[in-house]
*Asks:* 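Following this message is one structure expressed as structure tokens.
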Amino acid sequence: MLTIVADNRKVVSMASASVTPAAAGGRGVVTRFAPSPTGFLHIGGARTALFNWLFARHHGGKYLLRIEDTDRARSTEPAIAAIFDGLEWLGLMGDEPATFQFARSDRHAEVAHRLLASGHAYRCYLTQEELAARREAAQAERRPFRIHSEWRDADPATLPQDRPFVVRIKAPRDGETTIDDRVQGAITVSNAELDDFILLRSDGTPTYMLAVVVDDHDMGVTHVIRGDDHINNAFRQLLIIRAMDAVEGGWPDPVYGHVPLIHGADGAKLSKRHGALGVDAYRDEMGILPEALFNYLLRLGWGHGDDEIIGRDQAVEWFDIAHVGKGAARFDMAKLLNLNGHYLREADDARLAALVAPRMAGETDPDLLTRAMPVLKVRARDLNELAAGAAFLFAKRPLAIDPKAEALLSEEARALLARIHDRIAGSHEWTLEALETVLKGMAEELGLGLGKLAQPLRAALTGQTTSPGIFDVLVLLGRDESLARIAAQATGKVQV
RNA sequence: GGCCCCUUCGUCUAGAGGCCUAGGACGCGGCCCUUUCACGGCUGAAACACGGGUUCGAUUCCCGUAGGGGUCACCA
């Protein structure tokens, strides 16, 4: 993972040095997923990535990745690795090596200076203290605070030479701006609501607002699909885009699609309290399959008629951003588990065996695990349940007997086990059919239901009250192990 | 608080003026299958936030109300 990061860095610095805007003029669709590496890839981010990926694939376009690491204090290398790891797992890596935003600071500053030179931006010498004081004053008078810098229209000749300044955009003060959002529909904001936000900080570094716009432009991004917490930013970013378009042309408005955030079960924004975990937790701790999370996330906030089970290819064919719901959807673990159970049953047995083995205590046999999978996977919803269900296969004698199973092993039951032991020990074939014939015949002879034999058998063989079918268990365990486990619980048997 | 957005069963959703007696899925209840647990099948309860319009006719269009969410940094 770290080598990939290093490679990406190299590619980026070359790209930023040559400054070759891909000119978003017309042609193919280009989307992007742009997380800031301040933590793991959370479920909401994964869904945003998914929608970008699907939209691009559906339209035969390109899907790119950009790491927004301009916040040097909060961005970390492990977070970058975790995000790539999560995307990789879900099959949502970009079509090209990721772009790293911080590496492109010079290009961002260059754009700010063009805006400055063309009069679309200005140097503002207001200090943070002055701003804070004005903000407080506005608060005290209970009126909304808008930055009105006296430097906006200052005579360039009178500008201080040795004081720090920030570069602010000159936002229009009248009129209104409408965004035709592909998810939300038309959204209109009065320009008076937008104030002169900062492009370049006093230390010369670009702000997020500037960096996003410049990077999207240079990467040729045509469709900006992201969380709807960015709606307000879209209007500000459009200001920069239109200013640059006026300055040098070739800066078309992107198409926006602001998808709703995912909420917790209580309807509030998903937070750690709700289990807003990284996708790695769904994989490692909860034992979720990537195709299940993919399907779940897709159906969360989007639907296609009555269809519930939707695979990758089908999703690409059907995905339509206009059908993404406008309201926030709540995360429902029960439904995810149900879907996971479905994909578990569909999954390849050897693959499942490999996924389950590390979750089991002690030694396991991949071959036996694989052979047991068909009867094991139908009764599990996640890999942990699958591992628990497989435990009996590798348990060492003497078997730990679960209290509920113990209750099944009465005196009569133990006596019965002795008879079963002798009877099946004499069976020359150890197959599903042969064992079934023998045991059913025996039950009939004794005038008992098969359950009377099967239940104590299950307890003796697995130490539990639930397991795959009893004949499956016998065959999986094999003749020697089965007879030994039965003998251990039967009365009057010499334990091997 | 200002601004922006949202609102169909508990949850995810279908629905784009008559197809709606509002459909599907998860979850929940019942039945069947069955040696247990599952899987599977059948089945039941369960929703158009409220109030006004527009219309011959509104879940669907418009306006209010209520509720919810987002956003208001030299963070991203």
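Below, read A as the first sequence line, B as the second, and so on, with proteins coming before strands; counting in each chain starts at 1.
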*Asks:* Expressed in angstrom and rounded to an integer, what is the separation of A:Arg226 atom CZ from B:U71 atom P?
*Replies:* 13 Å
*Asks:* Could you give the distance separating B:U21 and B:G15 at their C1' atoms, to the nearest angstrom?
*Replies:* 16 Å
*Asks:* Contact class for A:Ile198 (heavy atom, under 4.0 Å): base, sugar-phosphate, or nothing?
*Replies:*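 Base, at least one base heavy atom under 4.0 Å.
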*Asks:* Quick test of your reading of the model: are A:Asp349 and A:Lys377 salt-bridged, counting only N-O distances below 4.0 Å?
*Replies:*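 Looking at A:Lys377 together with A:Asp349, the answer is yes, because their closest N to O distance falls below 4.0 Å.
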*Asks:* In whole Å, what is the span from the CG atom of A:Asn295 to the C1' atom of B:G24?
*Replies:*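 Result: 14 Å.
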*Asks:* Rounded off to whole Å, could you give me the CD-to-P distance for the A:Glu346 and B:C39 pair?
*Replies:* 15 Å
*Asks:* Any base atoms under 4.0 Å from A:Gly227, or only sugar-phosphate, or nothing? Heavy atoms, all strands.
*Replies:*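 Touches nothing.
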*Asks:* Under 4.0 Å between any heavy atoms, over every strand shown, what does A:Leu300 touch: base, sugar-phosphate, or nothing? Just pick one.
*Replies:*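 Counting heavy atoms under 4.0 Å across all strands, the contact made by A:Leu300 is with sugar-phosphate only.
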*Asks:* Name the residue closer to the 5' end of RNA chain B, choosing between A:Gly327 and A:Ala334 according to the nucleotide with the nearest heavy atom.
*Replies:* A:Gly327
*Asks:* Let's test this: given Watson-Crick or G-U wobble pairing with both distances under 3.5 Å, identify the partner of B:C72.
*Replies:*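 Partner of B:C72: B:G1.
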*Asks:* Distance only, no hydrogens: is a donor on one side chain within 3.5 Å (strictly under) of an acceptor on the other, for A:Thr177 and A:Asn191?
*Replies:*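 A:Asn191 and A:Thr177 do have a side-chain donor-acceptor pair below 3.5 Å.
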*Asks:* Less than 3.5 Å between a donor and an acceptor, one on the side chain of A:Arg379 and one on the base of B:C39, is that the case here?
*Replies:*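 Looking at the base of B:C39, it does not pair with any donor or acceptor on the side chain of A:Arg379 (distance under 3.5 Å).
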*Asks:* When the distance from CD of A:Gln237 to P of B:U71 is rounded to whole Å, what number comes out?
*Replies:*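 A:Gln237 atom CD is separated from B:U71 atom P by 14 Å.
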*Asks:* Looking at B:C20, which nucleotide sits across from it as a Watson-Crick or G-U wobble partner, both distances under 3.5 angstrom, or is there none?
*Replies:*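 The answer is none; no pair meets the criterion.
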*Asks:* Do any side-chain nitrogens or oxygens of A:Arg146 fall under 4.0 Å of OP1 or OP2 in B:C72?
*Replies:*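 Indeed not, no polar side-chain atom of A:Arg146 lies that close.
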*Asks:* Which part of the nucleic acid, if any, lies within reach of A:Arg299 when heavy atoms closer than 4.0 Å are counted: base, sugar-phosphate only, or nothing?
*Replies:* base
*Asks:* Can you tell me how far C1' of B:A76 sits from CD1 of A:Ile67, to the nearest Å?
*Replies:* 13 Å
*Asks:* Expressed in whole Å, how much space separates the P atoms belonging to B:C62 and B:G41?
*Replies:* 41 Å
*Asks:* Using the P atom on both, measure B:A49 against B:C12 and round to a whole Å.
*Replies:*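 So the two P atoms sit 14 Å from each other.
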*Asks:* Name the closest nucleotide to the A:Val166 side chain, picking from B:C4, B:C74, B:G10.
*Replies:*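 Shortest atom-to-atom distance from the side chain points to B:C74.
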*Asks:* For B:A22 and B:A16, measure between their P atoms and round to the nearest Å.
*Replies:* 15 Å
*Asks:* Checking the side chain of A:Arg47 only, and the main-chain atoms of A:Leu300 only, is there a donor and an acceptor separated by less than 3.5 Å?
*Replies:*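 Yes, because the side chain of A:Arg47 sits within donor-acceptor range (under 3.5 Å) of the backbone of A:Leu300.
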*Asks:* Of the listed nucleotides (B:G70, B:C74, B:A76), which one gets closest to any side-chain atom of A:Arg135?
*Replies:* B:C74
*Asks:* Taking only Lys NZ, Arg NE, NH1 and NH2, and the carboxylate oxygens of Asp or Glu, determine whether A:Asp196 and A:Arg146 approach each other closer than 4.0 Å.
*Replies:*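 The answer is no: the pair does not qualify as a salt bridge.
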*Asks:* Carefully, step by step, assess A:Ile420 and A:Ile424 under the rule side chain to side chain contact (heavy atoms under 4.5 Å, CB included).
*Replies:* CA-CA 6 Å; A:Ile420 293 174; A:Ile424 59 177; 4.1 Å; yes
*Asks:* So what does A:Leu199 hit on the nucleic acid, given a heavy-atom distance under 4.0 Å: a base, only sugar-phosphate, or nothing?
*Replies:*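 Touches nothing.
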*Asks:* A:Arg345 has a side chain; which of B:U35, B:G40, B:G10 sits nearest to it?
*Replies:*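 Of all the options, the side chain of A:Arg345 is nearest to B:G40.
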*Asks:* Base, sugar-phosphate alone, or nothing: which one does A:Ser36 contact when heavy atoms must sit under 4.0 Å apart?
*Replies:*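 The residue A:Ser36 makes sugar-phosphate contact but no base contact.
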*Asks:* A:Phe197 ring centre to A:Arg168 NZ or CZ under 6.0 Å, with the angle to the axis within 45°?
*Replies:*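 Judged by the rule (NZ or CZ under 6.0 Å from the ring centre, within 45° of its axis), A:Arg168 is not positioned above A:Phe197.
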*Asks:* Would you say the side chain of A:Ser202 and the base of B:C74 hold a donor-acceptor pair, judged only by whether the two atoms sit under 3.5 Å apart?
*Replies:* yes
*Asks:* Would the base of B:C5 count as contacting A:Lys326 through its side chain, where contact means a donor and an acceptor less than 3.5 Å apart?
*Replies:*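 Donor-acceptor pair under 3.5 Å: no.
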*Asks:* If you assign A:Lys377 and A:Asp307 each to the RNA chain B nucleotide with the nearest heavy atom, which residue ends up on the more 5' nucleotide?
*Replies:* A:Asp307
*Asks:* For A:Pro260, report the nucleic acid contact type (base, sugar-phosphate, nothing); a contact means any heavy atom under 4.0 Å.
*Replies:* nothing
*Asks:* Between B:G10, B:A76, B:G24, which nucleotide gets closest to the side-chain atoms of A:Lys335?
*Replies:*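 Out of B:G10, B:A76, B:G24, the nucleotide with an atom closest to A:Lys335's side chain is B:G24.
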*Asks:* Which nucleotide in the set B:A76, B:A25, B:C12 lies at the smallest distance from any side-chain heavy atom of A:Thr207?
*Replies:* B:A76
*Asks:* Taking only the P atom of each, what is the distance from B:U65 to B:U55 in whole angstrom?
*Replies:*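 So the two P atoms sit 23 Å from each other.
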*Asks:* Students often get this wrong, so: under 4.0 angstrom with heavy atoms, is A:Glu68 touching a base, only sugar-phosphate, or nothing?
*Replies:*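 Sugar-phosphate, backbone atoms only, no base.
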*Asks:* Who does B:G64 pair with, Watson-Crick or G-U, both distances under 3.5 Å?
*Replies:*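 When the pairing criteria are applied, B:C50 turns out to be the nucleotide that pairs with B:G64.
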*Asks:* Kindly say whether, by distance alone, the side chain of A:Asn233 makes a donor-acceptor pair under 3.5 Å with the base of B:A76?
*Replies:* yes
*Asks:* Under a 4.0 Å threshold between the charged nitrogen and the carboxylate oxygen, would A:Glu193 count as salt-bridged to A:Arg236?
*Replies:*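 Result for this pair is no, no salt bridge flagged.
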*Asks:* What contact category does A:Ser75 fall into here, base, sugar-phosphate, or nothing, at under 4.0 angstrom with non-hydrogen atoms?
*Replies:*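 No contact.
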*Asks:* Does B:A25 have OP1 or OP2 under 4.0 Å away from a side-chain N or O of A:Asn338?
*Replies:* no
*Asks:* How is A:Asp229 classified with respect to the nucleic acid when contacts are heavy atoms under 4.0 Å: base, sugar-phosphate, or nothing?
*Replies:*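 Sugar-phosphate contact only - A:Asp229 comes under 4.0 Å of backbone atoms but never of a base.
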*Asks:* Please state how far atom CD1 in A:Ile401 lies from atom P in B:U36, giving the value in whole angstrom units.
*Replies:* 20 Å
*Asks:* Please state the P separation for the pair B:A73 and B:U13 - nearest whole angstrom.
*Replies:* 31 Å
*Asks:* Should B:A25 form a Watson-Crick or G-U wobble pair with both distances under 3.5 Å, which nucleotide is its partner?
*Replies:*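 Base partner found: B:U11.
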*Asks:* With a 3.5 Å cut-off and just heavy-atom distances, do the side chain of A:Asp306 and the base of B:G23 make a donor-acceptor pair?
*Replies:*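 For A:Asp306, whose side chain was compared with the base of B:G23, there is a donor-acceptor pair (under 3.5 Å).
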*Asks:* For atom P, what is the distance between B:C42 and B:G64, given to the nearest Å?
*Replies:* 47 Å
*Asks:* Would you confirm whether A:Asn340, through its side chain, and A:Gly287, through its main-chain N or O, come within 3.5 Å as a donor-acceptor pair?
*Replies:*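 Yes; at least one donor-acceptor contact below 3.5 Å.
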*Asks:* Please tell me which of the listed nucleotides, B:C12, B:A76, B:U11, lies nearest to the side chain of A:Gln101?
*Replies:*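 That would be B:A76.
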*Asks:* NA contact type, A:Arg74, heavy-atom cut-off 4.0 Å: base, sugar-phosphate, or nothing?
*Replies:*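 Answer is base: heavy atoms of A:Arg74 come under 4.0 Å of a base.
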*Asks:* For B:G2 versus B:C9, give the span between their C1' atoms, rounded off to a whole number of Å.
*Replies:*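 To the nearest whole Å, 36 Å.
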*Asks:* What distance do A:Glu291 atom CD and A:Tyr343 atom OH have between them, rounded to the nearest 0.5 Å?
*Replies:* 7.5 Å
*Asks:* For the side chain of A:His263, counting heavy atoms from C-beta on, which of B:A25, B:G10, B:G69 is nearest?
*Replies:* B:G69
*Asks:* When we call it a touch if two heavy atoms are under 4.0 Å apart, what does A:Thr70 touch: a base, just sugar-phosphate, or nothing?
*Replies:*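 Sugar-phosphate, no base atom in range.
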*Asks:* Please classify the nucleic acid contact of A:Gln184 as base, sugar-phosphate, or nothing, using heavy-atom distances under 4.0 Å.
*Replies:*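 The residue A:Gln184 makes sugar-phosphate contact but no base contact.
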